[in-house]
Amino acid sequence: MDLDRIIEARLAERQRANQLRCRPIIRRIDCTHIELNGRRLLQFASNDYLGLSFDQEIQQAANEAMQIHGLGSGAAGLLGGYTAAHARAEEALARWKGTGNAVLLPSGYQANLAAVQAFAAVGGMAGGSGVRFLVDKLAHASLIDAVRATGMTVRFFPHNHLDKLNRLLADAPVDQMQVVVTESIFSMDGDAADLRGLAELKKIHPFFLLLDEAHAGGVYGPGGSGYAAELGLQGLADVTVVTFSKAMGCIGGAVCGSDAFCQGVVNWGRAYIYSTSILPAIAAAIAKSIEVIGRQPKWQEQLRQRSRQLRTELAHRRQVVGLADCPIVPLILKEEQQAMKLARQLQDKGFWVSAVRPPAVPRGTSRLRMTVCARHTETQIQELARNLDEAMNARA
Ligand SMILES: Cc1ncc(COP(=O)(O)O)c(C=O)c1O
């Protein structure tokens with residue numbers, strides 16, 4: 001069997017269907033511009049919502065930690081890869097999220113795996129029928145991969161459909177741990193979980209809530225501490241996952257929860273145990289990033305104001321979905337080719353936006369996913385909206 005031949009045939013099929021995935025080489029000029037094939041484009045496709053990836057104070061914190069600790073951490077956390085920089089960042093995170101503790105991992109994807117693995121292990125040990133994961137259908141792939149890999153029971157409920165979730169919880173065997181898994185701000189729709197509704201459900205049924213705040217950190221809540229905190233529901237989630245690859249401008253993820261749960265992650269979260277720990281320099285950058293966000297709320301305010309502006313400019317386009325001030329601004333276009341074509345047209349006009357297609361989003365909901373950065377000017381937002389309108393009218 002010729003492995004490469006098989007792959008090449010499948011890739012050719014994708015190419016013919018205009019579905020081949022590839023990675024253009026870009027150069028980041030600053031947080032709102034990139035260079036692609038020698039052309040300068042306005043960036044509207046990055047999750048660096050606050051523009052902190054170019055923040056000098058954060059970069060300096062990383063540089064200093066690198067001088068002290070070296071670049072690679074050299075080992076998994078349990079085998080000598082855990083430094084004072086990691087410990088300090090975890091303390092800062094727990095304070096920020098108001099949790100007993102936090103565990104840092106090299107990515108948000110891994111943090112979700114580790115959190116789910118800890119739930120599965122602990123639920124398995126508790127006796128009874130183990131764990132059943134109840135997952136919002138639009139939850140991120142990392143959560144879906146994680147729950148499926150546990151081998152425990154998994155049920156999906158339609159996006160934000162709490163009546164269905166209520167029925168599932170009402171039917172739960174008494175000896176089975178129920179873990180509801182959702183995102184606070186959904187990465188592809190820019191809408192929010194019904195956290196108030198989940199709080200009501202918690203009064204009726206026993207379940208644990210695992211909340212992925214990847215896209216809410218830095219954007220919502222006091223000091224950017226998340227959407228649950230924004231609603232005054234900081235204690236609602238039993239376990240929260242945060243990522244630092246988005247508004248924090250770095251890389252990495254963390255599981256935040258009680259001290260006992262975090263010890264559970266360190267003891268049973270295979271994604272933590274069997275992976276070299278995150279770079280100490282990045283741990284230091286994460287701690288600094290939290291500090292900078294807390295000290296400079298103007299960026300959070302400006303981000304939400306600019307996000308509101310883009311949505312207002314596009315208010316006549318009913319395909320734009322999501323929360324009024326969310327920096328993820330999706331325009332739903334149904335067909336993949338429509339989304340691809342529009343992204344290309346915008347690129348020709350000097351704008352870099354993402355076309356998102358299945359399987360990243362459900363079939364028939366391909367979209368243009370525009371993301372706002374706090375450092376965009378009002379004029380840049382107007383220009384994007386105007387050019388998008390022009391391109392769409394030309395298509396009509
Ligand atoms: C909701 C959500 N959770 C988790 C992740 C994974 O985070 P990371 O990119 O840090 O691995 C992402 C990233 O795209 C995400 O959107």
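Just so you know, ligand 1 is whichever comes first in the structure, and atom 1 is the first atom listed for that ligand.
When each atom of ligand 1 is checked for a heavy atom of Ser142 under 4.0 Å away, the hits are 4 (C). Using a 4.0 Å cut-off to heavy atoms of Ser187, the atoms of ligand 1 that qualify are 16 (O). Every atom of ligand 1 with a heavy atom of Thr243 under 4.0 Å away is listed here by number and element: 7 (O), 10 (O). For ligand 1, the atoms lying closer than 4.0 Å to a non-hydrogen atom of Ser245 are 8 (P), 9 (O), 10 (O).
Among protein heavy atoms, atom 11 (O) of ligand 1 sits closest to Tyr109 N, 2.9 Å. Of the protein's non-hydrogen atoms, the one nearest atom 16 (O) of ligand 1 is His215 NE2, 2.7 Å. In terms of protein heavy atoms, atom 8 (P) of ligand 1 is closest to Gly108 N, 3.4 Å. Nearest protein neighbour of atom 5 (C) of ligand 1, counting heavy atoms only, is His140 CE1, 3.4 Å.
Two different hydrophobic clusters hold Phe186 and Leu333 under the rule that ILVMFWY side chains link at heavy-atom gaps under 4.5 Å.
Between the side chain of Gln338 and the backbone N or O of Glu335, at least one donor-acceptor pair lies under 3.5 Å. Listed for the Asp136 side chain is a donor-acceptor partner under 3.5 Å among the backbone atoms of Asn160. A donor-acceptor pair is defined here as one N or O able to donate and one able to accept, closer than 3.5 Å; such a pair exists between the side chain of Thr365 and the backbone of Pro362. The closest donor-acceptor contact from the side chain of Lys164 to the backbone of Pro158 lies at 3.5 Å or more, if one exists at all.
Ring geometry for Phe119 versus Phe208: interplanar angle of 30 to 60°, hence tilted.
Not a single heavy atom of Gly253 lies less than 4.0 angstrom from ligand 1. Note on ligand 1: Lys246 sits in its first shell, one or more heavy atoms being nearer than 4.0 Å.
Salt bridge Asp48/Arg28: present, at least one basic N to carboxylate O contact under 4.0 Å. The pair Arg311-Asp325 does not meet the salt-bridge criterion, since no charged nitrogen lies less than 4.0 angstrom from a carboxylate oxygen.
Comparing Leu138, Asp212, Thr182, Ile251 against atom 4 (C) of ligand 1, the shortest heavy-atom distance belongs to Asp212.
Proximity of Asn112 to ligand 1, defined as any heavy-atom pair under 4.0 Å, is confined to the side chain (atoms from C-beta onward).
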| task | Assess whether side-chain contact (heavy atoms from CB on, under 4.5 Å) is satisfied between Ile29 and Ile34, documenting all intermediate values. | result | CA-CA 5 Å; Ile29 297 169; Ile34 63 159; 5.7 Å; no
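Checked against a 3.5 angstrom limit, the closest N/O atoms of Glu183 and ligand 1 fall outside it. Not one N or O of Ala214 is nearer than 3.5 Å to an N or O of ligand 1, by distance alone.
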